[in-house]
**Student:** 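This is the structure, below, for whatever I ask next.
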Amino acid sequence: TQLLEQSPQFLSIQEGENLTVYCNSSSVFSSLQWYRQEPGEGPVLLVTVVTGGEVKKLKRLTFQFGDARKDSSLHITAAQPGDTGLYLCAGELKDNFNKFYFGSGTKLNVKP
Amino acid sequence: EPEVTQTPSHQVTQMGQEVILRCVPISNHLYFYWYRQILGQKVEFLVSFYNNEISEKSEIFDDQFSVERPDGSNFTLKIRSTKLEDSAMYFCASSWDGRYEQYFGPGTRLTVT
């Protein structure tokens, strides 16, 4: 059983389309982080959300933390080929400081 | 821009041999981490380190593994007697506050033959 379930696993869309990827859990997290990982490289932090209901925007990317701090979403507006990559969520459980769990990732392909 | 560095980028070793993977975290960071990623699988937490001691470790981090901060800049992961299943990408990460931002290195690809 995965602590963090990401969906969908794969997503292939045309340039200009919008998309949302999800990161869900039955556990409460003190924070959730979103990363992007290119093949053969380390994850690169995009954003951290810490407050239930929090929404953060990074250009065309919008991140939301669920009210109960059990889930998060990443919405990309007008996707571009440069958005292609593996998107990972990771979280720190409420009562387990300094130990981070990763989801399996959503592999996004944006076709020109 | 400061970054986490890791050496070597690729390490090939024979089963049963000891390996040491090295990391130089960002200089003013206080929390240090090791993760591994088996090819095609998710990133898995191994251990976190703060104030010269292990803060948390996962079930994967058994007696074959150890970490050390031998000086003010390096952070190492030692695997005492490697197994075939230790073949993976190993990532080091560091954080200023241990909560909200982790910065990952480029990884060391360990191949055990």
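Just so we're on the same page: letters track the sequence lines, and every chain starts at 1.
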**Student:** Quick check on the hydrophobic clustering: are B:Phe91 and B:Ile79 connected, directly or via other members, by side-chain heavy-atom contacts under 4.5 Å?
**Tutor:**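 No, it is not one cluster - the side chains of B:Phe91 and B:Ile79 are not joined through contacts under 4.5 Å.
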
**Student:** Counting only non-hydrogen atoms closer than 4.5 Å, does A:Gln33 touch chain B with its backbone (N, CA, C, O), its side chain (CB onward), both, or neither?
**Tutor:**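 Contact with chain B: side chain only.
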
**Student:** Please tabulate, one pair per line, all N/O donor-acceptor pairs under 3.5 Å involving side-chain atoms of residues 71-78 of chain A, not counting sequence neighbours.
**Tutor:**
from, atom 1, to, atom 2, distance (Å)
A:Ser72, OG, A:Trp34, NE1, 2.9
A:Ser72, OG, A:Gln64, O, 2.6
A:His75, ND1, A:Leu19, O, 3.1
A:His75, ND1, A:Thr20, OG1, 2.7

**Student:** Any chain of hydrophobic side-chain contacts (each under 4.5 Å) joining A:Leu4 to A:Phe100?
**Tutor:**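 Cluster IDs for A:Leu4 and A:Phe100 differ.
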
**Student:** Under 4.5 Å, counting heavy-atom pairs only, tell me which of B:Gln41, B:Met89, B:Arg109, B:Glu101 racks up the most with chain A.
**Tutor:**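 Counting heavy-atom pairs under 4.5 Å, the top option is B:Glu101.
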
**Student:** I'd like to know whether NZ of A:Lys56 has more than 12 heavy-atom contacts from other residues, nucleotides or ligands below 6.0 angstrom.
**Tutor:**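 Counting neighbours around NZ of A:Lys56, more than 12 heavy atoms of other residues, nucleotides or ligands fall under 6.0 Å, so yes.
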
**Student:** Around atom NZ of A:Lys94, are there more than 12 heavy atoms of other residues, nucleotides or ligands at under 6.0 Å?
**Tutor:**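 It does not: A:Lys94 NZ has 12 such atoms or fewer within range.
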
**Student:** Where do A:Asn98 and B:Tyr31 come nearest, in terms of heavy atoms and distance?
**Tutor:**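 Between these two residues, the closest heavy atoms are ND2-CD2, 3.4 Å.
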
**Student:** Relative to chain B, which segment of A:Leu32 carries a heavy atom at a distance below 4.5 Å: side chain, backbone, both, or neither?
**Tutor:**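 Neither part.
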
**Student:** Do you know which two heavy atoms are closest between A:Lys99 and B:Phe45, and how far apart they sit?
**Tutor:**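 For A:Lys99 and B:Phe45, the tightest heavy-atom pair comes out as CG-CE2, 3.4 Å.
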
**Student:** More than 12 heavy atoms of other residues, nucleotides or ligands under 6.0 Å from NZ of A:Lys107: yes or no?
**Tutor:**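 No.
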
**Student:** Can you tell me which portion of B:Gln6 sits under 4.5 Å from chain A's heavy atoms? Options are side chain, backbone, both or neither.
**Tutor:**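 Looking at B:Gln6, nothing touches chain A.
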
**Student:** Group every Ile, Leu, Val, Met, Phe, Trp and Tyr by side-chain heavy-atom contacts under 4.5 Å, then state whether B:Val47 and B:Tyr35 land in the same group.
**Tutor:**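 No, because B:Val47 and B:Tyr35 fall into different hydrophobic clusters, even though each may have its own neighbours under 4.5 Å.
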
**Student:** Under 4.5 Å, heavy atom to heavy atom, which residues of residues 43-50 of chain A contact chain B?
**Tutor:**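 When heavy atoms of chain B are the reference, residues 43-50 of chain A contributes A:Pro43, A:Leu45, A:Thr48, A:Val50 within the under-4.5 Å range.
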
**Student:** Does atom CG of B:Leu84 have more than 12 heavy-atom neighbours, drawn from other residues, nucleotides or ligands, at distances under 6.0 Å?
**Tutor:**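 Yes, the 6.0 Å shell around CG holds more than 12 heavy atoms from other groups.
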
**Student:** Do you know the tightest heavy-atom contact between A:Phe97 and B:Glu56?
**Tutor:**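 Answer, listing the atom of A:Phe97 first, then B:Glu56: O-CG, 3.3 Å.
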
**Student:** Could you look at A:Tyr101 and say if it's the side chain, the backbone, both or neither that has a heavy atom under 4.5 Å from chain B?
**Tutor:**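 For A:Tyr101, there is no contact with chain B at all, as no heavy atom is under 4.5 Å.
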
**Student:** Which heavy atom of A:Phe102 sits nearest a heavy atom of B:Lys42, and at what distance?
**Tutor:**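 Taking every non-hydrogen atom into account, O-CD, 3.5 Å.
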
**Student:** Using a cut-off of 6.0 Å, state whether more than 12 heavy atoms not belonging to B:Asn28 lie near its atom CG.
**Tutor:**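 For B:Asn28, atom CG is crowded (more than 12 foreign heavy atoms under 6.0 Å).
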
**Student:** Please check if the number of heavy atoms outside B:Gln14 that lie under 6.0 Å from its CD is greater than 12.
**Tutor:**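 At most 12 heavy atoms, drawn from other residues, nucleotides or ligands, come within 6.0 Å of this atom.
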
**Student:** Check each atom of A:Ser31 against the heavy atoms of chain B and say whether the ones under 4.5 Å are side chain, backbone, both or neither.
**Tutor:**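 Just its side chain gets close to chain B.
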
**Student:** Applying the 4.5 Å side-chain criterion to the ILVMFWY set and letting contacts propagate, would A:Val21 and A:Leu86 be lumped into a single cluster?
**Tutor:**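 Different clusters.
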
